Amino acid sequence: MHEYPILIFAALLIFVYGLFSRLSERSPISAAMVFVAVGIIASPLGFDLVELGMKAPTVRVLAELTLILVLFVDASTIDIPSLIQVKGLPFRLLFIGLPLTMVLGILLAVPFFSSMGIWAIALMALILSPTDAALGMPVVTSPLVPEKIREAINVESGLNDGIALPPILACIAALSAGAAERSGAHFWIVFVLRQFIFGPLVGALVGWIGGRLVDAASKRGWINPTFQRLAACSLSVMAYALAEEFHGNGFIAAFFGGLMLGVHTPEVRERIHEFGEAEGQQLALFVFLMFGLAAVPPAAQHWDAAAWVYAVLSLTIIRMLPVALSLWGTKLTKFSTAFVGWFGPRGIASVLYLLIVVNELGSKGYERMLSVIVLTVLLSVFLHGITAVPLSRLYANRPADSVGR
């Protein structure tokens with residue numbers, strides 16, 4: 001079946017929403033909510049206008065391109081020396097809260113989904129661990145929310161998808177390999193070498209060399225601002241493709257490409273970030289539309305009581321308890337700690353990792369695991385989107401010293 005109608009439908013929706021995007025910013029209705037809702041309405045669950053599978057070529061290509069660009073741009077914003085030296089809120093959330101969230105997610109999933117197997121349970125919990133601040137955009141843009149809180153939520157969501165990626169890929173490899181292969185040390189040695197050495201090495205080289213070339217050309221006036229912006233797409237795709245060619249992991253390569261980006265001129269880095277974020281936003285909206293069209297309909301038939309309970313736990317206890325423990329001793333008020341804990345939406349990273357699982361493992365035998373991921377993200381899109389504005393306004397009447405210095 002030709003996919004032109006789907007492309008027309010997606011492009012038209014992005015165009016029409018863009019016409020009213022400024023109005024949407026002043027309402028509790030987020031872009032993700034609109035695109036997911038329209039996707040569900042147009043799917044077989046609604047008016048059955050469009051039918052699309054998660055393994056459709058268009059979905060796969062655009063999802064992979066989105067993840068490559070998101071990982072590259074997010075990593076390029078990291079100031080490694082500052083992250084190491086400043087033991088602030090983002091550091092605590094990333095290196096204490098995130099691992100605790102992963103472990104707690106696995107432990108609480110075992111009694112609900114013991115029949116799935118430990119690798120599938122671990123994969124589900126890991127995919128649901130990264131957060132997406134874009135689903136609560138008013139939180140990170142509102143002047144009512146203290147800057148320290150906004151920065152913590154924003155930095156955490158920008159980096160935790162890259163941190164969660166290696167263990168996710170390890171689980172996928174364990175599930176895709178045969179039992180005999182998984183039991184041998186040779187398999188894991190080769191896997192680690194290919195995935196976690198070739199990928200980072202190739203990506204780091206592409207990012208550093210490519211960035212230095214862009215920097216040098218910019219200082220000499222050889223490259224115009226348009227192609228400075230395009231460097232984000234070129235280098236991220238190059239890092240991904242070269243790593244895959246050498247049997248490394250392309251997604252890890254894209255992350256390390258951004259992490260080691262050799263551009264030091266502030267104006268050039270800003271242009272690269274602006275273009276990457278704009279293109280990433282457009283691609284992310286397409287992915288949310290495909291999520292409503294292709295992921296929700298097949299998942300809905302597997303939503304039982306256990307799925308609903310775990311999805312709610314994932315957005316509350318599994319997220320909020322580790323955050324509270326990681327922020328212990330920071331002098332944040334209970335309200336601020338709960339605020340940061342609640343605004344850990346599950347969004348684009350979880351959707352993209354879900355699509356990788358479907359492409360690598362297929363959906364047969366993993367229907368329940370995939371359905372829980374879909375349900376959790378679906379609830380997060382609407383619950384975090386609706387509560388972002390009203391909960392941010394609660395800071396207006398709170399004392400200025402309610403957030404510890």
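Scope of the values below: all heavy atoms of this structure, side chains included, with no hydrogens, waters or symmetry mates. Positions are given from 1, in the same order as the sequence printed here. Quantities reported herein were computed from a predicted structural model and do not represent experimental measurements.
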K.L.:
Could you tell me which non-hydrogen atom of Ser350 sits nearest to which non-hydrogen atom of Ile127, and how far apart they are?
P.N.:
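Smallest interatomic distance, heavy atoms only, reads OG-O, 2.7 Å.
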K.L.:
Leu378 and Phe291: which non-hydrogen atoms are nearest, and at how many Å?
P.N.:
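It is N-CZ, 4.1 Å.
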K.L.:
Could you measure the distance from the CZ atom of Phe72 to the CG atom of Leu235? Nearest 0.5 Å is fine.
P.N.:
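The CZ atom of Phe72 sits 5.0 Å away from the CG atom of Leu235.
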K.L.:
Do other residues, nucleotides or ligands put more than 12 heavy atoms under 6.0 Å from Glu147 CD?
P.N.:
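No, because the 6.0 Å sphere around CD of Glu147 holds 12 heavy atoms or fewer from other groups.
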K.L.:
Do Tyr353 and Leu126 come close enough that some side-chain heavy atom pair is under 4.5 Å?
P.N.:
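Not touching, per the 4.5 Å side-chain cut-off.
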K.L.:
Tell me yes or no: between the side chains of Asn160 and Ser129, is some donor less than 3.5 Å from an acceptor?
P.N.:
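On atom types as modelled, these side chains do not qualify, holding no pair under 3.5 Å.
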K.L.:
Search all heavy atoms of Ala239 against all heavy atoms of Gly203 and return the closest pair with its distance.
P.N.:
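Taking every non-hydrogen atom into account, CB-CA, 4.1 Å.
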K.L.:
Does Trp308 form a side-chain contact (heavy atoms from CB on, under 4.5 Å) with Leu379? I'd like the steps, not just the answer.
P.N.:
CA-CA 10 Å; Trp308 282 95; Leu379 289 177; 3.9 Å; yes
K.L.:
What distance do Leu293 atom CG and Phe288 atom CZ have between them, rounded to the nearest 0.5 Å?
P.N.:
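Reported to 0.5 Å precision, the distance equals 14.0 Å.
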K.L.:
Can you tell if the side chain of Ile356 reaches within under 4.5 Å of the side chain of Leu361, non-hydrogen atoms only?
P.N.:
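No, too far: nothing below the 4.5 Å cut-off.
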K.L.:
Quick check: do Leu355 and Met290 have side-chain heavy atoms less than 4.5 Å from each other?
P.N.:
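No, too far: nothing below the 4.5 Å cut-off.
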K.L.:
Where is the tightest heavy-atom contact between Ser371 and Trp303, given as atom of each residue plus distance?
P.N.:
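That would be O-NE1, 2.9 Å.
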K.L.:
Taking atom OG1 of Thr316 and atom CD1 of Ile318, what is their separation to the nearest 0.5 Å?
P.N.:
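The distance works out to 7.5 Å.
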K.L.:
May I ask you to decide if Ile40's main-chain N or O and Ser43's side chain share a donor-acceptor pair within less than 3.5 Å?
P.N.:
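A pair under 3.5 Å: yes.
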K.L.:
Can you check whether Ala164's main-chain N or O pairs, donor with acceptor, with Asp161's side chain at less than 3.5 Å?
P.N.:
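No, the answer is negative, given that no donor and acceptor are paired below the 3.5 Å cut-off.
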K.L.:
Between the main-chain N or O of Glu267 and the side-chain N or O of Thr265, is there a donor-acceptor pair closer than 3.5 Å?
P.N.:
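Absent.
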K.L.:
State the CD1-OG distance between Ile121 and Ser115, to the nearest 0.5 angstrom.
P.N.:
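Spacing of CD1 (Ile121) from OG (Ser115) equals 7.5 Å.
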K.L.:
Evaluate the side-chain proximity of Thr131 to Arg319: yes if any heavy-atom separation is below 4.5 Å, no if none is.
P.N.:
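Side chain of Arg319 against side chain of Thr131, heavy atoms only: contact under 4.5 Å found.
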K.L.:
What about Phe335 and Tyr395, are their ring centers closer than 6.0 Å?
P.N.:
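Yes, they do, as the ring centres are separated by less than 6.0 Å.
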K.L.:
With a 4.5 Å cut-off on side-chain heavy atoms, are Trp342 and His384 touching?
P.N.:
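Yes, side chains in contact.
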K.L.:
Using modelled atom types only, decide if a donor and an acceptor are shared between the side chain of Ser236 and the backbone of Cys233 within a distance under 3.5 Å.
P.N.:
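Yes, because the side chain of Ser236 sits within donor-acceptor range (under 3.5 Å) of the backbone of Cys233.
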K.L.:
Do Phe112 and Leu313 touch side chain to side chain, with heavy atoms closer than 4.5 Å?
P.N.:
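Yes; the side chains approach each other to less than 4.5 Å.
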K.L.:
Evaluate the criterion side-chain contact (heavy atoms from CB on, under 4.5 Å) for residue pair Phe339 and Leu394; output intermediate values, then yes/no.
P.N.:
CA-CA 10 Å; Phe339 188 89; Leu394 291 180; over 6 Å; no
K.L.:
Is a side-chain N or O of Glu367 found less than 3.5 angstrom from the main chain of Gly365, in a donor-acceptor match?
P.N.:
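Yes: the side chain of Glu367 pairs with the backbone of Gly365.
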K.L.:
Passes side-chain contact (heavy atoms from CB on, under 4.5 Å), Ile252 versus Leu71? Steps please.
P.N.:
CA-CA 8 Å; Ile252 295 178; Leu71 289 170; over 6 Å; no
K.L.:
Tyr240 and ring pair (Phe, Tyr, Trp, His ring centres under 6.0 Å): which single residue from Phe256, Phe255, Phe251 fits?
P.N.:
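So, applying the ring pair (Phe, Tyr, Trp, His ring centres under 6.0 Å) to Tyr240 and each of Phe256, Phe255, Phe251, only Phe251 qualifies.
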K.L.:
When rounded to the nearest 0.5 angstrom, what is the spacing between CG in Leu89 and CZ in Arg150?
P.N.:
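Here the interatomic distance stands at 13.5 Å.
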K.L.:
With a 4.5 Å heavy-atom cut-off, do Leu49 and Phe9 have their side chains touching?
P.N.:
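No; the side chains remain at least 4.5 Å from each other.
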K.L.:
Check Leu94 against Pro99 and note the closest heavy-atom contact, atom names and distance.
P.N.:
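For Leu94 and Pro99, the tightest heavy-atom pair comes out as O-CD, 3.4 Å.
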K.L.:
Within the distance-only criterion (no hydrogens, no angle test), does the side chain of Ser76 pair as donor or acceptor with the backbone N or O of Val73 below 3.5 angstrom?
P.N.:
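Indeed, once roles are kept as given, a pair shorter than 3.5 Å links the two residues.
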K.L.:
Is the backbone N or O of Pro298 less than 3.5 Å from a side-chain atom of Gln301, with the two atoms forming a donor-acceptor pair by type?
P.N.:
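Answer holds: yes.
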K.L.:
Looking at Val377, is its backbone amide N or carbonyl O close enough to the side chain of Ser380 to form a donor-acceptor pair, meaning the two atoms are under 3.5 Å apart?
P.N.:
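A pair under 3.5 Å: no.
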K.L.:
Backbone N or O of Trp328 within a donor-acceptor pair of the Arg92 side chain at under 3.5 Å?
P.N.:
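Here the side-chain-to-backbone pair exists.
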K.L.:
Just wondering, do Leu201 and Phe246 contact through their side chains at under 4.5 Å, heavy atoms?
P.N.:
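The answer is no, as the side chains (C-beta and beyond) never meet within the 4.5 Å cut-off.
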K.L.:
I need the minimum non-hydrogen distance between Ala307 and Val372, along with the two atoms involved.
P.N.:
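That closest heavy-atom pairing would be CB-CG2, 4.0 Å.
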K.L.:
Output the distance between atom OG1 (Thr376) and atom CG (Leu128), rounded to the nearest 0.5 Å.
P.N.:
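Answer for the OG1-CG pair, Thr376 versus Leu128, is 4.5 Å.
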K.L.:
Stepwise, does the side-chain hydrogen bond (donor to acceptor under 3.5 Å, both in side chains) test hold for Ser218 with Gln228?
P.N.:
CA-CA 8 Å; Ser218 300; Gln228 290 174 6; 3.2 Å; yes
K.L.:
If you apply the rule side-chain contact (heavy atoms from CB on, under 4.5 Å), what do you find for Val140 with Val145, and how did you get there?
P.N.:
CA-CA 8 Å; Val140 295; Val145 180; over 6 Å; no
